[in-house]
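Just so you know, residue 1 is the first one in the sequence shown, and it goes up from there.
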Amino acid sequence: MDGFYDPGKARSGQRVLTLEDLSKQPVNQRRPVIAINAKPLDTVSVDQSDERQQDSPTETRTASVLSSKGTTRTPSKGKSKGRKEDEKLRDEDESKAQQEVATVTEKPWMLPYDAAFHALVTEATKTILPLHAESEQYSALARLVSEVMGGAVEVDRQHDFLWELHLSELRYELQSNIIPIGQIRKGTYYHRALLYKMAGKWWAVGFATNAQWFVKRKGGMKMGTSMMLPTARGDLDISSAMRNADGSCWRMTELAKKTDIPGRFTFTSQRWNNENDMRVVAVQYDDFALIHTIKTKHGVTDVLNKLFSRTPEVSADLLKKFMQFSLDTGILSGNIVIMPKNGECAEA
């Protein structure tokens, strides 16, 4: 994931401004735009390095022109005509060099690197992922987010928690209406939820594929859960579990690597020995996620669609959309399954 932002409430007929548009606005009194950028610094450094390399021919030429001007010998009076011609050529070279510098392509706008948020994701990855019990992971992540956002606030002391003043100070310090979430140190439930929403438990409610293994086993499959946590580099750690009929648990963990396309990940499954091209087609972080994966093994390709939900219950409208999406991606109607509810696996 490279970044997303909350532009506030959208009104009918009103265009939602891009982050670049918002960054060019003068600081105002409206609610600030909270931006979340998990892109690591090394990728930004590479981009800047590439730009410097592209600029270097112009810079070299400019330097050589200026150098030639400073080291030219003064010709004798008998060669005044040749001197004038040399000066004319130098002036022309300087003029061309200045024009080239002026026409260098303007660097595209980029969401600023959020060092504090990147450090927080790194800390969460190191301290929370090793915990085996899901309840411990939830609690640890909640405590971490709470501490970063100012800690617990008693109801009768909320008037002393000056979060609005804090956000105003950040805006004027940054001279921008866009505030990277990592810089917020006094946040309400809203800001804390934004930070927390990227991770957590999802119920695997819908499953759709024409793969033969699924066709044979779909009758005995039930609802499972997946724990998704972003890593420091923007990858996605996915730990899945499903309770079997005998009470035992089937478990699997994959590390989905991010790509240059937001919401698209790739990974090689060691368990199934196949290549996976995974795409988050639609998501509402507090409700559902629709994931479309293209699986390839020995040159044979299968499509797998999964519907994840924050709860085992899903609306009829969402189920209808999942079924229609699966049909549109070539899945036979008989291979689109809404999983029966199932007990959760015991915490490992």
Ring-face cation contact, Trp202 with Arg310, 6.0 Å cut, 45° max: yes
Main-chain N/O of Phe117 paired with Asp114 side-chain donor or acceptor, under 3.5 Å: yes
Single-linkage hydrophobic cluster Leu307~Val281, side-chain heavy atoms < 4.5 angstrom: yes
Asp237 and Met227: CA distance, side-chain angles, deciding distance, side-chain contact (heavy atoms from CB on, under 4.5 Å) verdict: CA-CA 8 Å; Asp237 190 287; Met227 173 68 73; over 6 Å; no
For the student: nearest non-hydrogen atoms of Arg243 and Gly343, plus distance: CB-O, 3.4 Å
Modelled atom types, side-chain donor and acceptor of Asp287 and Ser309, under 3.5 Å: no
Atom pair CG (Asn342) and NZ (Lys222), whose distance is rounded to the nearest 0.5 Å: 5.5 Å
same_hphob_cluster(Leu304, Leu319) at 4.5 Å side-chain heavy-atom cutoff: yes
Backbone of Gly206 reached by a side-chain donor or acceptor of Lys306 within 3.5 Å: no
Steps toward salt bridge (charged side-chain N to carboxylate O under 4.0 Å, His left out) verdict (Glu169, Arg185): CA-CA 11 Å; Glu169 290 173 342; Arg185 289 294 173 265; over 6 Å; no
Check: Glu275/Thr268 side-chain N/O donor and acceptor closer than 3.5 Å: yes
hydrophobic_cluster_shared for Leu174 and Val27, side chain cutoff 4.5 Å: no
Validation row, ring centre Phe214 to ring centre Phe207 under 6.0 Å: yes
Check against side-chain contact (heavy atoms from CB on, under 4.5 Å), Lys257 and Met278: CA-CA 9 Å; Lys257 299 283 189 177; Met278 186 180 85; over 6 Å; no
Arg31 vs Glu164 side-chain heavy atoms within contact, under 4.5 Å: no
Stepwise side-chain contact (heavy atoms from CB on, under 4.5 Å) test for Thr259 and Phe265: CA-CA 6 Å; Thr259 67; Phe265 302 84; 5.6 Å; no
Test item: Thr253 and Ile238 side chains (from C-beta on) under 4.5 Å apart, heavy atoms: no
Asn305 vs Phe325 side-chain heavy atoms within contact, under 4.5 Å: yes
Distance (rounded to the nearest 0.5 Å) between Gln29 CD and Ser168 OG: 6.5 Å
Under 3.5 Å side-chain donor-acceptor pair for Gln324 and Asp328: yes
From CD1 (Ile128) to CD (Glu123), nearest 0.5 Å: 8.0 Å
Val303 and Thr209: CA distance, side-chain angles, deciding distance, side-chain contact (heavy atoms from CB on, under 4.5 Å) verdict: CA-CA 6 Å; Val303 169; Thr209 179; 5.7 Å; no
Arg30 atom CZ: more than 12 heavy-atom contacts under 6.0 Å: no
Joint cluster assignment, Met242 & Ile338, ILVMFWY side-chain distance < 4.5 Å: no
Trp203-Met252 co-clustered via ILVMFWY side chain contacts under 4.5 Å: no
Nearest-0.5 Å distance, CG of residue Leu19 to CG of residue Asn177: 11.5 Å
Heavy-atom side-chain contact between Ser269 and Asn276 under 4.5 Å: yes
Rounded distance (nearest 0.5 Å) linking atom CG of Asn274 with atom OG1 of Thr301: 10.0 Å
Beyond-backbone contact of Met149 with Leu144, side-chain heavy atoms, under 4.5 angstrom: no
Ile178 versus Ser176, closest heavy-atom pair with distance: N-OG, 3.0 Å
Side-chain H-bond candidate by donor/acceptor type, Asn335 with Lys218, under 3.5 Å: yes
Side-chain donor-acceptor contact under 3.5 Å, Ser315 with Asp317: no
Closest contact, heavy atoms only, Gln183 versus Leu170: O-CD1, 3.6 Å
NZ/NE/NH1/NH2 to OD/OE distance under 4.0 Å, Lys341 and Glu313: yes
Minimum heavy-atom distance between Ser240 and Ser226, given as atom pair plus value: OG-OG, 2.8 Å
Note, Ile179 side chain near Leu167 side chain (heavy atom, < 4.5 Å): yes
Candidate list Arg264, His292, Lys295, test side chain to side chain donor-acceptor pair (under 3.5 Å), partner Asp277, passing option: Arg264
Flag side-chain contact, heavy atom, 4.5 Å: Val205 against Phe288: no
Point-to-point distance, once rounded to the nearest 0.5 Å, from OG1 of Thr293 to CG of Asp302: 11.5 Å
Side chain proximity check, Ser239 to Arg251, heavy atoms < 4.5 angstrom: no
